[in-house]
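Structure, as structure tokens:
When reading the values below, keep in mind they use all heavy atoms of this one structure, side chains included, and skip hydrogens, waters and symmetry mates.
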Amino acid sequence: MSAQPPVDLLFLWHHHQPDYRSPREGRALLPWVRLHATKDYLDMALHLEGHPGVHATFNFVPSLLDQLDDCVAGGRESLFDLLARPVESLTDAERATVLARCTAAPRHALERWPRYRALCLRVERARGTGVNQPTAGEVLALECWFLLAWIDPVLLKEPEAAAAVATGGDFLEQHRDDLLALYQRLTARVVPAYRALAERGQVELSESAYYHPILPLLVDVRAARRARHDLPLPGEPFGAPDDAARQLERAFARHERAFGAPPAGMWPPEGSVSPEAVELAARAGAKWLATDEGVLWHSMPVGERHHGALYQPWRFRTDAGEVALFFRARE
């Protein structure tokens, strides 16, 4: 049997969280930056460190970079604020929030720790019946299990996590406080880990517009009609190309501050592109953009569409220079 020819397979991972921080409350309203920092972002970098022959591209949205920095600097977040307090000090509404949030865990964690799964079922039953409410000790245990659940298994060897796991579920308040400190310490490692991988040439780091706006619509909302001729549009025309350009300029500057060099490429928010948006990206310094295969198919005559067209970069000329376009193969 003849050997199959090699394939140039490009992986692009998109790291994005919207900005959850409320200017009114002075804290983030949802915990996803912290939870994904310890469950996904750091461990992906560590896995690549262990396989130096594997290369990949990681796309960072500046609004995520800002929030990672905020977490490391001690920025507040609604759920983590509650977890840092003695269980007995929580109001009924605050306790209900903790119970609802801390029963939401990755499936692998519920499979790994039967005591956590059983506690989650107990809390759900109590919530459904309104009787036999969890004790303060059970709430504390739920908090600790939740924090362990959102730490990737490769990081459970960290001293704070290992000490908590070793209790088998008989947690003390100190275990929870140590886990909260561990979250901050692990989050602080995320950006340096990717920067180190980029500096040694194992990964390429790309960028998106600063707050993840849909660039073609920000440039001119009428661009939507190119994809959907029947799409209803707002009665008031809208177009802010200067804002779109600023989103890109700020994003490229933010990337350079975080990683020490400007990005060569970008994943446009939601993969949305238009000739005008690509030109703005080129002016900001982009040499390549990636988007979805559907864009390529709808840009070609029907008779010329074939899957081989996906497996190459395409040149796109703009007044600001030529840009390479890559198209995601969904299958």
Subject >> Pair Trp267-His212, ring-ring contact (aromatic ring centres under 6.0 Å, His included): steps then yes or no >> reply: CA-CA 10 Å; Trp267 171 259; His212 212 258; 9.0 Å; no

**OP:** List the steps, then state whether side chain to side chain donor-acceptor pair (under 3.5 Å) holds for Gln174 with Asp178.
**Re:** CA-CA 6 Å; Gln174 187 62 51; Asp178 289 345; 2.8 Å; yes

**OP:** Check the pair Val123, Leu142 against side chain to side chain contact (heavy atoms under 4.5 Å, CB included), reporting the backbone distance first and the verdict last.
**Re:** CA-CA 9 Å; Val123 169; Leu142 188 69; 4.2 Å; yes

Subject >> Verdict with reasoning, Glu276 to Glu279, per side chain to side chain contact (heavy atoms under 4.5 Å, CB included) >> reply: CA-CA 5 Å; Glu276 297 83 2; Glu279 181 173 333; 5.8 Å; no

Subject >> Trace of the side chain to side chain contact (heavy atoms under 4.5 Å, CB included) decision for Arg125 with Leu121 >> reply: CA-CA 6 Å; Arg125 284 195 297 268; Leu121 292 173; 3.8 Å; yes

**OP:** With side chain to side chain contact (heavy atoms under 4.5 Å, CB included) as the test, would you mind laying out the steps for His16 and Phe60 before giving the verdict?
**Re:** CA-CA 6 Å; His16 165 50; Phe60 278 86; over 6 Å; no

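The aromatic ring centres of Phe58 and Tyr194 sit less than 6.0 Å apart. Residues Trp297 and His306 place their aromatic rings such that the two centres sit no closer than 6.0 Å.
When atom types are taken as modelled, the side chain of Glu207 and the backbone of Pro263 share no donor-acceptor pair closer than 3.5 angstrom. Side-chain atoms of Ser63 come within 3.5 Å of backbone N or O of Gln17 as a donor-acceptor pair. Of the possible polar contacts, none joining the Glu49 side chain to the Leu197 backbone as a donor-acceptor pair under 3.5 Å is found. Without hydrogens or angle criteria, Arg176 side chain to Leu83 main chain gives a donor-acceptor distance under 3.5 Å. A side-chain donor-acceptor contact under 3.5 Å links Trp314 to the backbone of Ala309. Side-chain atoms of Ser272 do not come within 3.5 Å of backbone N or O of Pro268 as any donor-acceptor pair. Checked by atom type and distance alone, the side chain of Gln184 never pairs as donor or acceptor with a backbone atom of Ala181 at under 3.5 Å.
In this structure, Asp230 does not pair ionically with Arg225, as no charged nitrogen and carboxylate oxygen lie closer than 4.0 Å. At a threshold of 4.0 Å, the pair Lys39-Asp152 does not count as salt-bridged, since none of the basic side-chain nitrogens sits closer than that to a carboxylate oxygen. Classification of Arg185 and Glu160 as a salt-bridged pair holds, one side-chain N sitting under 4.0 Å from a carboxylate O. Look at Arg34 and Glu77 and you find no salt bridge, because none of the NZ, NE, NH1 or NH2 atoms lies under 4.0 Å from a carboxylate O. Under the 4.0 Å criterion applied to side-chain N and carboxylate O atoms, Glu270 and Arg328 are not assigned as salt-bridge partners. Comment: Arg115 engages Asp170 in a salt bridge, judged by a side-chain N to carboxylate O separation of less than 4.0 angstrom.
In the hydrophobic clustering of this structure, Tyr311 does not group with Leu12; members are Ile, Leu, Val, Met, Phe, Trp, Tyr whose side-chain heavy atoms approach within less than 4.5 Å, directly or through other members. Val278 and Leu217 fall into different hydrophobic clusters, where Ile, Leu, Val, Met, Phe, Trp and Tyr side chains are chained together by heavy-atom contacts under 4.5 Å. Residues Leu156 and Trp150 share a single hydrophobic cluster, defined by chaining ILVMFWY side chains whose heavy atoms lie under 4.5 Å apart. Side-chain heavy atoms closer than 4.5 Å link hydrophobic residues (I, L, V, M, F, W, Y) into clusters, and following such links, possibly through other members, connects Leu205 to Val54.
A heavy-atom distance below 4.5 Å is found between the side chains of Leu99 and Pro134. In this structure the side chain of Ser208 reaches within 4.5 angstrom of the side chain of Asn59, judged on heavy atoms. Tyr211 places a side-chain heavy atom less than 4.5 Å from the side chain of Asp19.
Using bins of under 30°, 30° to 60° and over 60° for the plane-to-plane angle, the ring pair Trp145/Tyr116 lands in the parallel bin.
Going from atom NE2 of His51 over to atom CG of Leu46 covers 11.0 Å, rounded to the nearest 0.5 Å. Taking CZ of Arg222 as the reference point, atom CZ of Phe238 lies at 12.0 Å (rounded to 0.5 Å). How far OH of Tyr20 is from CG of Leu30: 6.0 Å, rounded to the nearest 0.5 Å.
Nearest approach of Ala223 to Pro216, heavy atoms of both residues: CB-O, 3.9 Å. The shortest non-hydrogen separation linking Leu231 to Ala224 is CD2-CB, 3.6 Å. Residue Met266 comes nearest to Ala281 through the heavy atom pair SD-CB, 3.6 Å, listed as atom of the first residue, atom of the second, then distance. Closest non-hydrogen pair, Ser22 versus Glu25, comes out as OG-N, 3.1 Å. Scanning both residues, Leu147 and Tyr183, for their nearest heavy atoms gives O-OH, 2.6 Å. Closest heavy-atom contact between Glu158 and Leu182: CB-CD1, 3.9 Å.
Counting non-hydrogen atoms of neighbouring residues, nucleotides and ligands closer than 6.0 angstrom, the CZ atom of Arg107 reaches no more than 12 such neighbours. The environment of CZ in Arg127 is crowded: more than 12 heavy-atom neighbours from other residues, nucleotides or ligands sit within 6.0 Å.
Cation-pi contact between Arg250 and Tyr210: present, with separation from the ring centre below 6.0 Å and deviation from the ring axis of at most 45°.
Counting only N and O atoms by type, the side chains of Gln202 and His55 include no donor and acceptor under 3.5 Å apart. Looking at Glu204 and Trp288, their side chains do bring a donor and an acceptor atom within 3.5 Å of each other.
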